[in-house]
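These notes concern the structure reproduced below.
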Amino acid sequence: MAASSFLQYPHFTSKPRSSSHVKPTPHFLLIKASSSDNPSNATASSPTPATYKGCNIREEARRHSLTHPQPDNNFSAKYVPFNAGPTCSESYSLDEIVYRSQSGGLLDVQHDMSALKAFPGSYWRSLFDSRVGKTTWPYGSGVWSKKEWVLPEISSDDIVSAFEGNSNLFWAERFGKQFLNMNELWVKHCGISHTGSFKDLGMTVLVSQVNRLRKMNKPVVGVGCASTGDTSAALSAYCASAGIPSIVFLPANKISMAQLVQPIANGAFVLSIDTDFDGCMQLIREVTAELPIYLANSLNSLRLEGQKTAAIEILQQFDWEVPDWVIVPGGNLGNIYAFYKGFHMCKELGLVDRIPRLVCAQAANANPLYLYYKSGWKDFKPVKANSTFASAIQIGDPVSIDRAVYALQNSNGIVEEATEEELMDAMAQADSTGMFICPHTGVALTALIKLRDSGVIGPTDRTVVEGT
Ligand SMILES: Cc1ncc(COP(=O)(O)O)c(C=O)c1O
Ligand SMILES: N[C@@H](CCOP(=O)(O)O)C(=O)O
């Protein structure tokens, strides 16, 4: 299909739809950014979803901020080439539509660290702790409770949030003791989220920024992604919440029915393409380079700003004590870098004094990072990803390979792999102790089992496995 023909699809009008066109759906309750806080804008057919004593929570937040002042917003962030040296002067405003550096490399969101450092670590710890479990807009979200470190310049009115984050850090006591002879095993359940995916953490940031860009009349007619199921579920839900068209490229017959239903129900333009995820990723990169469709995959570094908050949350949930190990399943490899970035910011800004060692776990059927690691980081080759029960990480040519290597090299990290048999055994063992985990978490648990067996992870090491 020619790229331009996407624009003929009725979803893709060049004019942003006003929020009055958004019909609330009975399937979910998202707190939607509106163009105004004026309660009189709420009509009978679109009731304000969250009310408190007759006012919406934005109004309430505004009143609250008068009595509980938030830090002065002198904070800012910009895009810079990923891992550029101190002499590099290339940078872009976050209001520009750019995914790659001049040399074609990855970008990173760089915060004004000197402005953030004006406040001591104890200040940030107390501020973040004070926002947990509240409905104050937008800080009730685990992502936006760290707004100053995420997208400091966005207006709270532009934020599209489902109050994602603040996920359970589960003490896997029985599994740890019975199968691993360890007491300090924890599972960070990032997948217990609005759409059932940790991608919500990144998507609230990306779609909020798109909402802002559209209000600035930037040329964004819709948002698109390639997906193995989770990114498309998150993208379509957040876009539907904000009344923004979305388009998702899915590899045909490789998405579970449960996840295929999500973008369809959310009204996304769903394309099932006769290729694998890597083929879909290539296609969406070409389409978003040519058309005013904003790229929502983790190649877009905005996503990682939201996902990094899971790492900050882990520290917060341990009362700012640092675990020894954090194990993350890896596919397109944005998330392992997001974790590194969250931990590293906490160290740099004085909230903690060290970072955990990171482990990235891949399915043996889709293991390009593992092979690269085993070569001593000498020889990266994309692979043809074979089918795996961990279908969301069936990815052979990860876009964030450079970010992942950086994260692992700077955290004394390790890469492990899991065969199909190993990941299924790990799942069965975990489930037999009352957990109910997905195959991707099974891949991460397999990495843990192997590292315990070899003695690399000790019996008293505090270890967190990310459930996605
Ligand atoms: C359920 C699930 N777990 C883990 C991952 C891996 O995350 P990443 O692609 O950031 O490496 C993905 C996506 O790839 C996923 O959908
Ligand atoms: N597993 C992912 C693959 C795409 O990852 P992304 O983080 O780059 O969007 C999915 O759910 O689609």
Side-chain angles (χ1 to χ4, degrees), residues 99 106 188-193 195-203 205-207 223-238 246 248-251 254-256 258-260 262-263 268 276-282 284-285 288 294-308 310-311 327-341 358-363 366-370 385 388-401 403-405 407-408 415 418 423 437-445 447 465-468:
Y99 316 115
L106 294 163
K188 175 69 172 163
H189 277 301
C190 294
I192 301 182
S193 184
T195 70
S197 170
F198 75 99
K199 308 276 179 176
D200 292 355
L201 302 175
M203 212 53 84
V205 176
L206 185 134
V207 173
V223 192
C225 73
S227 184
T228 55
D230 291 66
T231 298
S232 46
L235 174 65
S236 61
Y238 283 82
S246 62
V248 303
F249 289 16
L250 306 178
K254 293 189 175 71
I255 309 290
S256 71
Q259 286 195 314
L260 181 58
Q262 287 179 281
D276 55 11
F277 170 81
D278 297 301
C280 290
M281 189 70 225
Q282 185 54 38
I284 193 74
R285 283 170 72 165
T288 53
Y294 196 77
L295 178 66
N297 284 102
S298 58
L299 178 65
N300 187 325
S301 44
L302 281 180
R303 277 266 312 280
L304 306 181
E305 291 308 292
Q307 288 172 218
K308 81 183 179 196
I327 306 178
V328 177
N332 222 10
L333 298 180
N335 208 34
I336 184 76
Y337 178 68
F339 268 75
Y340 170 79
K341 193 169 184 188
L358 298 181
V359 178
C360 190
Q362 293 209 294
N367 62 354
L369 180 73
Y370 178 77
T388 165
F389 288 116
S391 58
I393 53 175
Q394 189 183 330
I395 296 173
D397 191 6
V399 297
S400 284
I401 182 72
R403 292 176 176 140
V405 172
L408 291 158
V415 187
L423 77 90
I437 59 161
C438 69
H440 318 93
T441 313
V443 169
L445 284 178
V465 169
E466 191 208 11
T468 55

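Counting starts at 1 for both ligands and their atoms, in listed order. Just so it is clear, the structure is predicted and the values come from calculations on it, not from any experiment.
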Quiz prompt | Sub-4.0 Å atoms of ligand 2 with respect to non-hydrogen atoms of Ser298 | solution = 6 (P), 7 (O), 8 (O), 9 (O)
Quiz prompt | Proximal atoms of ligand 1 relative to His440 (non-hydrogen, under 4.0 Å) | solution = 1 (C), 3 (N)
Quiz item: Going by the order shown, which atoms of ligand 2 are within less than 4.0 Å of some heavy atom of Ser227?
Solution: 10 (C), 11 (O), 12 (O)
Quiz item: Of the choices Thr228, Leu206, Leu235, which has the non-hydrogen atom that lies closest to atom 1 (N) of ligand 2?
Solution: Thr228
Quiz item: Taking heavy atoms and a distance under 4.0 Å, where does Asp230 meet ligand 1: side chain, backbone, both or neither?
Solution: side chain
Practice problem: Please state which part of Arg303 comes within less than 4.0 Å of ligand 2, counting heavy atoms only: side chain, backbone, both or neither. | Solution: side chain
Quiz prompt | Those atoms of ligand 2 less than 4.0 Å from some heavy atom in Phe277 | solution = 3 (C), 4 (C)
Quiz item: Can you tell me how far the SG atom of Cys280 sits from the CZ atom of Arg285, to the nearest 0.5 Å?
Solution: 13.5 Å
Quiz item: Tell me, which protein residue and heavy-atom name are nearest atom 7 (O) of ligand 1, and how many Å apart are they?
Solution: Phe198 CZ, 3.6 Å
Quiz item: Where on Gln307 is there a heavy atom closer than 4.0 Å to ligand 1, on the side chain, on the backbone, on both, or on neither?
Solution: neither
Quiz item: How close does the nearest protein non-hydrogen atom get to atom 9 (O) of ligand 1, and which residue and atom is it?
Solution: Asn332 N, 2.7 Å
Practice problem: Output the list of atoms in ligand 2 that are nearer than 4.0 Å to some heavy atom of Ile395, sorted by atom number. | Solution: 3 (C)
Quiz item: What atoms of ligand 1 come closer than 4.0 angstrom to any heavy atom of Gly330?
Solution: 11 (O)
Quiz prompt | Nearest-contact summary for atom 5 (C) of ligand 1 - protein heavy atom, Å | solution = Ile393 CG2, 3.4 Å
Self-check item: Element-labelled atoms of ligand 2 that are located less than 4.0 Å from some non-hydrogen atom of Asp230
Solution: 10 (C), 11 (O)
Exercise. Do me a favour and list the nearest non-hydrogen protein atom to atom 10 (O) of ligand 1 with residue, atom name and distance?
Key: Asn335 N, 2.8 Å
Exercise. Look at atom 14 (O) of ligand 1 and say which protein heavy atom is nearest, naming residue and atom and giving the distance to 0.1 Å.
Key: Ala392 O, 3.3 Å
Practice problem: Note the single closest protein heavy atom to atom 8 (P) of ligand 1, along with its residue, its atom name and the distance in Å. | Solution: Leu333 N, 3.5 Å
Quiz prompt | Nearest protein heavy atom with distance in Å, relative to atom 13 (C) of ligand 1 | solution = Lys199 NZ, 2.9 Å
Exercise. Mark up the atoms of ligand 1 that fall under 4.0 Å of a heavy atom belonging to Gly331, in ascending order.
Key: 6 (C), 8 (P), 9 (O), 11 (O)
Self-check item: atom 3 (N) of ligand 1: the protein heavy-atom neighbour that sits closest, reported with distance to 0.1 Å
Solution: Thr468 OG1, 2.7 Å
